[in-house]
Colleague: 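Sharing a structure, written as structure tokens. Questions coming.
Fair warning: this is a prediction, and the values are worked out from it, not measured in the lab. Keep in mind that the numbers below use all heavy atoms, side chains included, and drop hydrogens, waters and symmetry copies.
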Amino acid sequence: MEICRVARDKLGREGSGQLRLVALAVGQEAPVEADNLTFCLDALLTQPPFGQARVAVRCCPGSDLRIDYLEIDDGDSDD
Amino acid sequence: MAIRTIEVRERVMARNDKFAATVRRRLRAAGVSSLNLISSPGAGKTTLLERTLQAIGAELPMAIITGDVQTRNDAERLARHTDRLVHAVVTGGGCHLDARQVLAALAAINLAETGLLIIENVGILVCPAGWDLGEEAKVVLLSVTEGEDKPQKYPAAFRAAQFVVLTKIDLLPHVPFDPDRARALALEANPDLQFLQLSALTGEGMDGWLELLRSLSPRLVHT
């Protein structure tokens, strides 16, 4: 839920756009199971205000649980 | 479609840790010691606290914060044994307490008349281990009706703790639980752990637990 709060805050500051990806770094000694976390976030991130965002987890050394970056779809054309 | 990337590089616990630092500062300023009890569901946290309140509730001014996913049952059980505040936090699905909830609960506690704050966390051995509540020490309860390999399965809880309390030892003759192996596995996860073992039901070993609580609190009432 804290991850969703941070994502919501960042989205709010960006003003517009649809969240597409939440990239996380999960330490091997972090007190969470990466698969469980992904499962829970997959459920939460498909609900409003997120739409259909995905989760990408990168395992890393240590005990940190960190949000690396977000990907946002602005919906504009490329040209 | 235009996808852009926003760098965040933010620790998920960063906000919680700020609240925890505030909790710790307030407790220290008021001279209040604090313990955070974590365990699997049914390990005996509430029963241990009931017996603790019965035994030394009059001499040691305690405040208790209980965390449960649903119901205030634990807080109501404990409130029967004390006139002091037992504050229930219902997490509404959350699998752990966080420091913001503890900080909010502190507002209702008269810290000037409290010697020891005990936080009974939500019964689960995973998430509570990773959340700093501003406590002085985490205490893991492990009951003999669980597997003795819990420290291997949930090492983060044992790494984060200072004390392990082996509970329900009155059942040892009836269950295939090896306390020595449990202790060895816990020490593999954290060599600095201190151990207690007790039965809140029969009272065996309770003296050691009560002595620990007395030693933690500078604010004893000598009657």
Colleague: With rounding to the nearest 0.5 angstrom, report the CZ to CG distance, R15(B) to D9(A).
Modeller: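 It comes to 7.5 Å.
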Colleague: Answer with side chain, backbone, both or neither: which region of D64(A) has an atom nearer than 4.5 Å to a non-hydrogen atom of chain B?
Modeller: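 For D64(A), the contact with chain B is made by the side chain alone.
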Colleague: Could you give the distance from CD (E29(A)) to CZ (R159(B)), rounded to the nearest 0.5 Å?
Modeller: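 Going from CD on E29(A) over to CZ on R159(B), the span is 4.5 Å.
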Colleague: Within a reach of under 6.0 Å around CZ of R5(A), are more than 12 heavy atoms found that belong to other residues, nucleotides or ligands?
Modeller: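 Atom CZ in R5(A) is crowded, with more than 12 foreign heavy atoms closer than 6.0 Å.
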Colleague: Quick one: are N16(B) and E2(A) in side-chain contact, heavy atoms under 4.5 Å?
Modeller: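 No, too far: nothing below the 4.5 Å cut-off.
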Colleague: Can you check whether L65(A) reaches R11(B) side chain to side chain, under 4.5 Å on heavy atoms?
Modeller: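 SC-SC contact between L65(A) and R11(B) ruled out.
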Colleague: Is R72(B) atom CZ crowded by more than 12 heavy atoms from other residues, nucleotides or ligands, each under 6.0 Å away?
Modeller: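 Check fails, neighbour count at 12 or below.
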Colleague: So which heavy atom on R66(A) is nearest to which on R9(B), and how close?
Modeller: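 For R66(A) and R9(B), the tightest heavy-atom pair comes out as CG-C, 4.1 Å.
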Colleague: How long is the straight-line distance from CZ of R4(B) back to CZ of R20(A), given to the nearest 0.5 Å?
Modeller: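 The CZ atom of R4(B) is 13.0 Å from CZ of R20(A), to the nearest 0.5 Å.
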Colleague: Do the non-hydrogen side-chain atoms of V8(B) and L70(A) ever get within less than 4.5 Å of each other?
Modeller: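 In contact.
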Colleague: Could you go step by step and tell me if I72(A) and I6(B) meet the side-chain contact (heavy atoms from CB on, under 4.5 Å) rule?
Modeller: CA-CA 8 Å; I72(A) 293 176; I6(B) 303 173; 3.0 Å; yes
